[in-house]
Amino acid sequence: MEKKIIELISQSLRILNEEWQNPKLENVDGKTRIYGAEGSIDSLGLVMLIADLEDRLVAEYGKEIVLADEKAMSQKNSPFRTVESLGSYIAQLIGEEARIV
Amino acid sequence: MSEVTVITGTRKGIGRDLSDYYLMKGHIVIGCSRGSASLEHERYGHYELDVAEEKSVIHMIRDVKKKHGRIDNLLNNAGIASMNHILATPFKTVHSIFGTNFFGVFLFVREAAKAMMTQRYGRIVNFATVASPLRLEGEALYSASKAAVVNFTEIAARELARFGITVNAVGPTPVLTDLIRNVPKDKLDALLERQAIRRFGETRDISHVIDFFIDKKSDFITGQVVYLGGVHY
């Protein structure tokens, strides 16, 4: 599942980058840095990524997940650091939701 | 194509009147309230929820987007009032007032703005009150919650401007609805005395301001609060 999520994040970044035209996002992979130190996007980009990804997660998994939740914002190591870290975080959120259901 | 307009607190009062009005204007109206719908119309959809309940708001807005493909307008009408001296106000009441009047506004703005952002267009209208600029005694918590809405509106307008979303607020005078049914007549008369135009407001006064804010031509109007009846800070 994590691999699929990473692909969703990559797709999202590629599509958003059609507007941003950021060279750092021309070849997105798991190691691509998203936000924070040496990140590829600013806070505005992060907002757009969050909105776009939440939509994709509903379409793909039918899960109404809030990416900017307390947990994400309070973690010492932000899940938005890299594509991989965000992928793990989302997989964890989906897993938690599945357990609750 | 019909505009898709989300209105909170549509079961009664101003929210119900605004639903009828925008249905009459050809909009698809999506409403919500704690109780079931009080109107039936082929272009009306209703969600039973508490506006301060995060999961329910997220579900509603995503469902609206899925069903209708877009959200053009959000009218954050849902509100509760509680007239009381601060020394006699239970803390629970404060939570309840801020829950509906402010947290609800935040949740709807956040979720609707995500939908509006992708379409690069949106009109959000929040509800303030003349009780804030008039510093009405007995309305401290209600006024404070609405003052928070005003400041939130002004900053949201800045944060969302780049996405083609405008955020404004209308500040009604008292309108004869359930919201003020427990306010004594002498208090209401004293309040009217402080307005430049001394009469109760009507839904048409409010919808007139909303029409201006949500007009497609109002794309240079944002972060504004229009108080009715000639009240101002």
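Every chain is numbered from 1, with letters handed out A, B, ... down the list of sequences. Heavy-atom basis, side chains included; hydrogens, waters and symmetry copies ignored.
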> Take atom CZ in Arg158(B); do more than 12 heavy atoms of anything else shown fall under 6.0 Å from it?
Replying inline: no

> Which bit of Glu159(B) comes within less than 4.5 Å of chain A, counting heavy atoms only: side chain, backbone, both or neither?
Replying inline: neither

> Are any of the side-chain nitrogens in Glu54(A) or Lys114(B) under 4.0 Å away from the carboxylate oxygens of its partner?
Replying inline: yes

> Could you walk me through whether Asp55(A) and Lys65(B) pass the salt bridge (charged side-chain N to carboxylate O under 4.0 Å, His left out) check?
Replying inline: CA-CA 10 Å; Asp55(A) 265 358; Lys65(B) 200 186 162 193; 2.4 Å; yes

> Which atom names give the shortest non-hydrogen contact between Met48(A) and Met117(B), and what distance separates them?
Replying inline: CA-CE, 3.2 Å

> Are there more than 12 heavy atoms of other residues, nucleotides or ligands under 6.0 Å from atom CZ of Arg162(B)?
Replying inline: no

> So which part of Asp52(A) gets closer than 4.5 Å to some heavy atom of chain B, the side chain, the backbone, both or neither?
Replying inline: neither

> When you look at OH of Tyr233(B), are more than 12 heavy atoms from neighbouring residues, nucleotides or ligands closer to it than 6.0 Å?
Replying inline: yes

>> Under 4.5 Å from any heavy atom of chain A, what part of Lys66(B) do you find: side chain, backbone, both or neither?
In response: neither

> Are more than 12 heavy atoms from other residues, nucleotides or ligands located less than 6.0 Å from atom NE2 of His41(B)?
Replying inline: yes

>> Would you compute the distance between atom CD1 of Ile61(B) and atom CD of Glu64(A) and round it to the nearest 0.5 angstrom?
In response: 11.0 Å

> Hey, is CG on Asp29(A) packed in by over 12 heavy atoms from elsewhere, all under 6.0 Å?
Replying inline: yes

> Can you name the nearest heavy-atom pair linking Val66(A) to Arg110(B), along with the distance?
Replying inline: CG1-NH2, 4.1 Å

